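On a predicted model such as this, the values are computed, not experimentally measured, just so you know.
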Amino acid sequence: MGPFRISFEKASIVYGVYLCVDFPTLHLLNKNKLIRLKKIIILIVAIYYSALLQAQQQLTKDQQEVHQTVINFFGALSNRDSVSLKNNCTLDILLIETGSVWNADTLILKAVTLNTATDFKRINSFDFINTTVADNTAWVTYNLSSEITRNGKQATVQWMETVIVIKEKQKWKIKVLHSTLIKRN
């Protein structure tokens with residue numbers, strides 16, 4: 001049987017490194033050289049995959065603006081600011097919240113008007129999963145975790161949400177928000 005060769009061509013393309021192992025002669029390497037060779041292989045693979053991950057994290061200007069619109073929308077909820085809330089959504093926003101269908105007035109009633117707790121505090125954390133922009137429309141999927149304090153009680157609520165965002169007069173606004181409750185404690 002002839003020599004079996006493994007080459008890491010993608011690593012050589014990205015980093016100018018070419019690594020080749022000839023298995024029939026592998027037994028001639030001493031233990032230290034073999035360990036060093038394994039470390040080199042692991043290092044090259046780690047560098048390659050970290051470069052891929054970094055490339056995926058680059059967001060366009062539109063994607064960043066869409067994320068900021070989502071963050072601002074929930075910031076308005078946290079501040080119980082109905083004016084800012086309306087500025088970040090379309091007039092005909094459709095909210096699907098745990099099986100209920102709401103509009104902007106319903107959201108403002110439930111989240112702002114009826115929320116009279118003097119100690120109310122909400123801190124939002126986002127994990128954006130996917131953001132796609134096509135012309136003046138974008139759709140974003142993210143995980144939202146909110147630490148909420150109200151009437152002396154603290155709760156952590158987690159949702160997975162998808163929003164459709166459109167550009168109106170050069171400003172991104174939320175048109176549809178679909179929310180799935182993941183966990184409440």
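In plain terms, the two heavy atoms of V163 and V165 that are nearest each other are CG2-CG2, 3.7 Å. Residues T113 and T116 approach most closely at O-CG2, 3.6 Å, considering heavy atoms. Closest of all the heavy-atom pairs between R80 and A111 is CG-O, 4.0 Å. Nearest heavy atom pair, residue L181 against residue Q158, reads CD1-O, 3.6 Å. What you find for Q63 and Q58 is that their closest heavy atoms are OE1-O, 4.3 Å.
Counting heavy atoms from C-beta outward, V70 and E161 have side chains that stay 4.5 Å or more apart. With a 4.5 Å cut-off on side-chain heavy atoms, S179 and L95 do not count as touching. Side-chain atoms of D62 and W172, non-hydrogen and from C-beta on, do get closer than 4.5 Å to each other. Contact check for I129 versus M160: side-chain heavy atoms found under the 4.5 Å cut-off. No side-chain heavy atom of N88 sits less than 4.5 Å from a side-chain heavy atom of I174.
The 12-atom threshold is exceeded at CG of L114, counting heavy atoms of other residues, nucleotides or ligands nearer than 6.0 Å. By the neighbour-count criterion of 12 heavy atoms within 6.0 Å, atom NZ of K110 is sparsely surrounded, having that number or fewer from other residues, nucleotides or ligands. By the 6.0 Å contact criterion, NZ on K86 is open, its count of non-hydrogen atoms from other residues, nucleotides or ligands being 12 or less. The environment of D135 atom CG is sparse: at most 12 non-hydrogen atoms of other residues, nucleotides or ligands sit within 6.0 angstrom.
In this structure, the separation between OG1 on T131 and CH2 on W139 is 11.0 Å, given to the nearest 0.5 Å. Note that CD of E65 and CD of Q170 are 9.0 Å apart. Values are rounded to the nearest 0.5 Å. Interatomic distance, CD of E147 versus OG of S125, reported as 7.0 Å (0.5 Å rounding). The OG1 atom of T162 lies 8.5 Å from the CG atom of L177; values are rounded to the nearest 0.5 Å. How far CD1 of I108 is from CG of N103: 9.0 Å, rounded to the nearest 0.5 Å. Taking CG of N87 as the start and NZ of K171 as the end, the distance is 6.5 Å to the nearest 0.5 Å.
Follow the hydrophobic side-chain contacts under 4.5 Å out from I71 and you reach V66 in the same cluster. Hydrophobic clustering of Ile, Leu, Val, Met, Phe, Trp and Tyr side chains at less than 4.5 Å, counting indirect connections, unites V112 with I148. W159 and F126 fall within a single hydrophobic cluster, where Ile, Leu, Val, Met, Phe, Trp and Tyr side chains are chained together by heavy-atom contacts under 4.5 Å. Cluster membership for V140 and L144, using ILVMFWY side-chain heavy atoms within less than 4.5 angstrom, is shared. With hydrophobic clusters built from ILVMFWY side chains whose heavy atoms lie under 4.5 angstrom apart, I96 does not share a cluster with L77.
Residues N72 and T69 bring no donor and acceptor atom of their side chains to less than 3.5 Å of each other.
Annotation: side-chain hydrogen bond (donor to acceptor under 3.5 Å, both in side chains) contacts of N124 (sequence neighbours excluded): S78, R122, S146. Here T90 pairs with D92 under the side-chain hydrogen bond (donor to acceptor under 3.5 Å, both in side chains) rule; sequence neighbours left out.
With H67 as the partner, the ring-ring contact (aromatic ring centres under 6.0 Å, His included) test is satisfied by one option alone out of Y142, F74, F73, F128: F128.
No donor-acceptor pair closer than 3.5 Å links the side chain of D119 to the backbone N or O of R150.
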